[in-house]
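All values reported here derive from a predicted model rather than from experimental measurement.
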Amino acid sequence: MVILAAMFMALGTWQVQRLFWKNALIARVDARVHAVATPAPPERGWTALKAENDEYRRVVIEGRFRHDAETLVQAVTDLGAGFWVLTPLETADGTTVLINRGFVTTDRRDPGTRAAGEIQGDAKVTGLLRMTEPGGAFLRSNDPQQERWYSRDVAAIAAAKGLGTTAPYFIDADATANPGGFPVGGLTVIRFRNSHLVYALTWYGLALMTSAATIVLRRRRLI
């Protein structure tokens with residue numbers, strides 16, 4: 001019983017440590033989201049990118065869209081079910097960055113229904129840096145051959161579209177309106193599950209109950 005109580009205390013303390021870590025992470029991400037946009041990482045900095053340091057950084061990038069190579073990724077948003085429109089952006093240094101230009105409903109899946117939004121010539125995009133989402137979604141794997149995408153897997157999309165040297169991240173475009181109204185940007189959901197306090201109280205509660213039970217049993221044996 002004493003060993004169990006000590007173990008529950010250790011687990012509670014671990015959850016408290018996780019709570020402080022999660023709160024710090026949320027604060028860092030909030031600061032990144034509201035910071036002044038900085039240039040998107042160039043090729044020389046790709047290998048140093050890490051989710052804990054770079055995801056949700058507010059960045060800006062310029063280049064030319066390749067609308068002929070856009071990819072539709074299934075999505076569910078506050079606007080309903082539909083697709084994210086991921087379009088390659090070719091930059092001046094010859095590399096490519098996938099831009100999640102935003103959301104379109106199912107009836108706007110065909111690019112012809114939103115031709116006004118296919119910006120031609122030089123474009124400037126401001127948004128949030130996101131890390132690749134390899135493999136697919138829960139219980140659904142990406143199927144490049146059938147053009148069925150359930151996650152924004154940068155490497156797989158680049159290979160399927162023959163994009164060449166492509167950044168290992170993508171950028172969620174901000175809410176700047178596109179001509180014609182589609183795609184709709186600025187729908188990035190930033191939410192972190194934070195139940196560590198509940199878990200900590202649970203473990204500490206179990207430790208307290210185990211300690212109390214130990215005292216009661218010992219007293220009964222001494223009587």
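Of all the heavy atoms in Arg64 and Gly121, the pair that sits closest is NH1-CA, 3.4 Å. Residue Ala69 comes nearest to Pro88 through the heavy atom pair O-CD, 3.5 Å, listed as atom of the first residue, atom of the second, then distance. Arg130 and Tyr169 get closest at one heavy-atom pair: O-CB, 3.1 Å. The nearest pair of heavy atoms linking Pro183 to Gly102 is CB-C, 3.6 Å. Across all their heavy atoms, Leu187 and Val184 have their closest contact at CD1-O, 3.8 Å.
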*Steps toward salt bridge (Lys or Arg N to Asp or Glu O under 4.0 Å) verdict (Glu70, Arg114)*: CA-CA 13 Å; Glu70 77 173 24; Arg114 45 184 167 82; 2.8 Å; yes
*Could you please spell out the steps behind the side chain to side chain contact (heavy atoms under 4.5 Å, CB included) verdict for Val85 and Leu72?*
CA-CA 5 Å; Val85 178; Leu72 298 178; 3.7 Å; yes
_side chain to side chain contact (heavy atoms under 4.5 Å, CB included) evaluation trace for Val60 with Lys124_ = CA-CA 7 Å; Val60 62; Lys124 183 177 182 179; 3.5 Å; yes
*Show your working on side chain to side chain donor-acceptor pair (under 3.5 Å) between Thr113 and Asp107 and close with a plain yes or no.*
CA-CA 8 Å; Thr113 63; Asp107 60 331; over 6 Å; no
*Candidate pair Glu147 and Lys161, rule salt bridge (Lys or Arg N to Asp or Glu O under 4.0 Å), full reasoning*: CA-CA 10 Å; Glu147 283 290 326; Lys161 299 294 183 178; 3.3 Å; yes
_side chain to side chain donor-acceptor pair (under 3.5 Å) assessment of Ser151 paired with Asp153_ = CA-CA 6 Å; Ser151 73; Asp153 186 334; 5.2 Å; no
_Let's go through Arg109 and Phe83 carefully: what are the C-alpha distance in whole Å and the side-chain angles of both, what is the deciding distance for side chain to side chain contact (heavy atoms under 4.5 Å, CB included) to 0.1 Å, and is it a yes or a no?_
CA-CA 7 Å; Arg109 177 174 184 167; Phe83 301 90; 3.5 Å; yes
*Residues Val73, Leu86; criterion side chain to side chain contact (heavy atoms under 4.5 Å, CB included); working and verdict*: CA-CA 7 Å; Val73 179; Leu86 267 68; 4.3 Å; yes
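Hydrophobic clustering (ILVMFWY, side-chain heavy atoms < 4.5 Å, transitive): Val59 and Val97 are in one cluster. One hydrophobic cluster, built from ILVMFWY side chains closer than 4.5 Å, holds both Leu79 and Trp84. Linking ILVMFWY side-chain heavy atoms closer than 4.5 Å, directly or via other members, places Ile157 and Phe170 in a single hydrophobic cluster. Two different hydrophobic clusters hold Ile99 and Val154 under the rule that ILVMFWY side chains link at heavy-atom gaps under 4.5 Å.
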Side-chain donor/acceptor pairs under 3.5 Å, residues 37-49, sequence neighbours excluded:
residue	atom	partner	partner atom	Å
Trp46	NE1	Pro41	O	3.0
Trp46	NE1	Pro42	O	3.0

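Under the side-chain contact (heavy atoms from CB on, under 4.5 Å) rule, Leu98 has a single partner from Leu89, Leu163, Ile171, Thr132, which is Leu163.
For the pair Asp174 (side chain) and Gly127 (backbone), a donor-acceptor distance under 3.5 Å is absent. A donor-acceptor pair under 3.5 Å links the side-chain atoms of Glu55 to the main chain of Met131, judged by distance alone. Between the side chain of Asp110 and the main chain of Gly112, a donor-acceptor pair closer than 3.5 Å is present.
At a cut-off of 3.5 Å, with distance as the only test, a side-chain donor of Asn178 or Arg101 sits close to an acceptor on the other residue. Between the side chains of Asp93 and Thr91, at least one donor N or O lies within less than 3.5 Å of an accepting N or O.
From Thr126, atom OG1 reaches atom CD1 of Ile61 across 10.5 Å, with rounding to the nearest 0.5 Å. One distance of note links CG of Asp172 with OH of Tyr56; it measures 8.0 Å at 0.5 Å rounding. Taken from OG1 in Thr87 to CG in Asn100, the straight-line distance is 8.5 Å, to the nearest 0.5 Å. A distance of 11.0 Å separates CZ in Arg140 from CZ in Arg148, rounded to the nearest 0.5 Å. Remark: Met9 CE to Leu206 CG distance equals 12.0 Å, nearest 0.5 Å. Of the inter-residue distances, the one linking Asp68 atom CG with Glu118 atom CD reads 9.5 Å to the nearest 0.5 angstrom.
Annotation: Asp78, atom CG; neighbour count of heavy atoms from other residues, nucleotides and ligands within 6.0 Å does not exceed 12.
A salt bridge is defined here as a Lys NZ or Arg NE, NH1 or NH2 lying under 4.0 Å from an Asp or Glu carboxylate O, and Arg152 with Glu133 meets this definition.
Residues meeting the ring-ring contact (aromatic ring centres under 6.0 Å, His included) test with Phe65, sequence neighbours left out: His67.
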